[in-house]
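In what follows, a single structure is set out as structure tokens and then discussed.
All figures in this text were calculated on a predicted structure; none of them were measured in a lab. Throughout, a chain's letter reflects where its sequence line sits, starting with A, and its residues are numbered from 1.
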Number of protein chains: 2
Amino acid sequence: MNNQYRYIIRETGLKVTPTRLAVIKFFDQTKKPAHVADIIKALVSQKIYADQATIYRIVENFYKKGLINRLQFQKRKFYYETNREEHHHAICNSCGKIEDISNCSLQRLEKEIEKKHNFKVESHSLEFFGTCSNCLQK
Amino acid sequence: MNNQYRYIIRETGLKVTPTRLAVIKFFDQTKKPAHVADIIKALVSQKIYADQATIYRIVENFYKKGLINRLQFQKRKFYYETNREEHHHAICNSCGKIEDISNCSLQRLEKEIEKKHNFKVESHSLEFFGTCSNCLQK
DNA sequence: TTAGGTGCAAATGATTTGCAATAAT
DNA sequence: ATTATTGCAAATCATTTGCACCTAA
């Protein structure tokens with residue numbers, strides 16, 4: 001059951017600990033971007049009490065190992081989410097809801113940049129800000 | 001000479017003060033994204049000593065009035081730059097250099113999102129991370 | 001004159017760090 | 001046994017705030 005998670009962690013060279021398992025599981029089950037406070041809240045509701053320093057370290061390690069992505073939405077904090085296929089976000093300025101956007105097809109643009117600027121693109125971030133369907137109705 | 005800047009500030013409904021003039025001028029002359037510490041340093045070199053709280057307030061006001069843009073580059077701090085024609089950035093992971101990217105033509109994508117998600121796009125941020133030409137040679 | 005701007009110092013919020021205790025391999 | 005991980009408390013960094021004083025309109 002937890003074996004898939006143990007395996008994923010072990011593959012990165014990190015040690016398997018209960019808190020890391022819980023965090024991996026959290027990201028696997030919650031598909032939404034989450035910041036550290038979200039993660040802590042979710043773990044507390046499962047009666048898992050980890051220090052925030054620990055969560056910050058876990059999440060940065062996972063990010064560096066490529067297990068999760070790190071995002072920012074014009075906020076002061078970082079958000080993290082499972083590293084699934086390339087996609088982007090639409091963030092509602094009114095309620096804060098975050099929707100997924102896929103099929104952005106920026107490959108062409110990346111190619112152009114590499115040629116024009118002689119800049120090797122390794123990653124990109126693309127976020128849209130506006131008003132979501134719910135808030136539009138109000 | 002400073003009249004253009006006075007005019008720009010006055011148009012927003014904000015009062016014209018020496019510090020605001022200096023900040024507007026700074027953004028007009030420096031085309032690169034800058035964070036608050038950069039601005040303070042530039043002003044100090046002109047013997048203009050303003051409190052950091054003041055700069056934070058000025059910059060947020062200018063941003064809200066649409067005079068400057070606010071950016072984040074996977075850093076904890078905000079960057080600001082003059083609000084010129086739409087463009088994006090390529091940030092070097094190695095030396096931190098920031099290059100401009102123009103002609104992104106995301107209009108098509110925005111239209112799609114508006115239709116598919118019923119989400120009114122008001123702005124977007126698009127940044128590329130990688131290695132710049134200088135760092136590639138090392 | 002008066003609404004808005006500024007400086008100062010203290011508060012805040014997210015994140016990081018040092019270090020000793022503990023757990024995973 | 002060895003090395004990585006954790007908890008705790010304190011530090012840091014960017015940013016914000018309250019308040020008394022000052023200044024542009």
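- Through side-chain heavy atoms spaced under 4.5 Å, either directly or across other Ile, Leu, Val, Met, Phe, Trp or Tyr residues, A:I91 is tied to A:L71, A:F73, A:Y79, A:I98, A:F129.
- Partners of A:N118 by side-chain hydrogen bond (donor to acceptor under 3.5 Å, both in side chains), not counting sequence neighbours: none found.
- Rounding to whole angstrom units, CG of residue A:N61 and P of C:dT16 are separated by 11 Å.
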**Report entry** Protein-to-nucleotide contact annotation, 5' to 3' order, nucleotides 15-25 of chain D [B base; S sugar-phosphate only; - none; under 4.0 Å, heavy atom]
**Finding:** BBBB-----BS

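- In this structure, the CD1 atom of A:I39 is 13 Å from the C1' atom of C:dT15, given to the nearest Å.
- Going from atom CD1 of A:I58 over to atom P of C:dA24 covers 12 Å, rounded to whole Å.
- Residues passing the salt bridge (Lys or Arg N to Asp or Glu O under 4.0 Å) test with A:D51, sequence neighbours excluded: none.
- Within the structure, salt bridge (charged side-chain N to carboxylate O under 4.0 Å, His left out) contacts touching residues 29-42 of chain B (residues at least two apart or in different chains) do not occur.
- Scanning for ring pair (Phe, Tyr, Trp, His ring centres under 6.0 Å) contacts around A:F128 gives B:H124, with sequence neighbours left out.
- Spacing between atom CD1 of A:I55 and atom C1' of C:dT16 amounts to 15 Å, rounded to whole angstrom units.
- We find that CD1 of B:I48 is positioned 16 Å from C1' of C:dG7, with the value rounded to whole Å.
- Listed for the A:E99 side chain is no donor-acceptor partner under 3.5 Å among the backbone atoms of A:A90.
- One interatomic measurement links the two molecules: CG of A:L21 to P of D:dT6, which rounds to 10 Å at whole-angstrom precision.
- The separation between A:F62 atom CZ and D:dA4 atom P is 16 Å, rounded to whole Å.
- Straight-line distance from the CZ atom of A:F73 to the C1' atom of C:dA14: 16 Å, rounded to whole Å.
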